[in-house]
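Here is the structure we will look at, set down as structure tokens.
Computation of the quantities below employed the complete heavy-atom set of this structure, encompassing side-chain atoms and omitting hydrogens, waters and symmetry-equivalent molecules. These numbers come from a predicted model, not from an experiment.
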Amino acid sequence: MEFKGFMEKFMQSAKRTQEVVVQKSGDVAKMTKQKMAIMATEAKIKDAYTEIGKLVYDAYRDNEGDSDIIETKCQEIDELYADLEHAKETYAKLRNMKRCTVCQKENAAEAQFCSKCGSALAEQVDTMPQSAKEEPIVEVETAE
Ligand SMILES: [Zn+2]
């Protein structure tokens, strides 16, 4: 009887361990995917820089600048950087880290101050985009 009890406990704990491993490998897959997304976006930014360089050179060589195309490319890079920030944010969350909004340094989730610049770290609860929380609507009641 003793042995049976032991085996039951053993099997239960083995099952639990397996579940934890499955959970973790799922996270690893997500993290890998996120890391790949970051690298892909960084590669796109690099390509866009190269394209801008070529546009600038072509304009110099032909002595006719097309600043519109260059500007459009620059705006593309702006968007790519926004994507990159978002991807890095998600990646940090997956790794249970939080990023400093001032210097972008990653800190442990439980940290209250940034280890690099000392800024107070916000609680990592809101997932609202930056633009949505920039200007809070303040209702002013005018009592007459
Ligand atoms: Zn910081």
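If you check the side chains of Asn107 and Ser115, you find a donor sitting under 3.5 Å from an acceptor.
Summarising the geometry, atom CD belonging to Glu42 is positioned 12.0 Å from atom CG belonging to Asp47; distances are rounded to the nearest 0.5 Å. Distance NZ/Lys33 to CG/Leu94: 10.5 Å, rounded to 0.5 Å. In this structure, Tyr81 OH and Ile45 CD1 are separated by 4.5 Å, a value rounded to the nearest 0.5 Å. To the nearest 0.5 angstrom, Thr72 atom OG1 is 11.5 Å from Glu51 atom CD.
A continuous path of Ile, Leu, Val, Met, Phe, Trp and Tyr side chains, each step under 4.5 Å between heavy atoms, connects Leu55 with Tyr49, placing both in one hydrophobic cluster. Taking hydrophobic clusters as Ile, Leu, Val, Met, Phe, Trp and Tyr residues chained together by side-chain heavy-atom distances below 4.5 Å, Met97 does not share a cluster with Tyr91. Hydrophobic clustering of Ile, Leu, Val, Met, Phe, Trp and Tyr side chains at less than 4.5 Å, counting indirect connections, unites Ile52 with Ile69.
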Fill in: Stepwise side chain to side chain contact (heavy atoms under 4.5 Å, CB included) check, Ser119 with Cys103
CA-CA 9 Å; Ser119 299; Cys103 73; over 6 Å; no
Practice prompt. Determine, stepwise, if the pair Asp58 / Arg61 fulfils salt bridge (charged side-chain N to carboxylate O under 4.0 Å, His left out).
Written response: CA-CA 5 Å; Asp58 286 350; Arg61 189 193 54 199; 3.6 Å; yes
Discussion item. Test side chain to side chain contact (heavy atoms under 4.5 Å, CB included) on Lys44 and Glu79; report intermediate values, then the result.
Written reply: CA-CA 11 Å; Lys44 274 188 206 164; Glu79 281 168 31; over 6 Å; no
Worksheet item: salt bridge (charged side-chain N to carboxylate O under 4.0 Å, His left out) between Glu76 and Lys73: does it pass, once the steps are laid out?
Response: CA-CA 5 Å; Glu76 236 172 73; Lys73 268 283 156 214; 2.8 Å; yes
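Considering every non-hydrogen atom in both Leu84 and Ile38, the closest pair reads CD1-O, 3.6 Å.
Proximity of Lys88 to Gln34: side-chain heavy atoms (C-beta onward) are nowhere separated by under 4.5 Å. Side-chain contact between Thr101 and Leu121: absent, with no pair of heavy atoms (C-beta onward) separated by less than 4.5 Å.
The backbone N or O of Ala111 sits less than 3.5 Å from a side-chain atom of Lys98, completing a donor-acceptor pair.
For residues 104-114, every residue pair satisfying the salt bridge (Lys or Arg N to Asp or Glu O under 4.0 Å) rule, not counting sequence neighbours, is listed here: Arg95-Glu106.
Met39 CE: 12 or fewer foreign heavy atoms inside a 6.0 Å radius. Around CD of Gln112, the count of heavy atoms belonging to other residues, nucleotides or ligands within 6.0 Å does not exceed 12.
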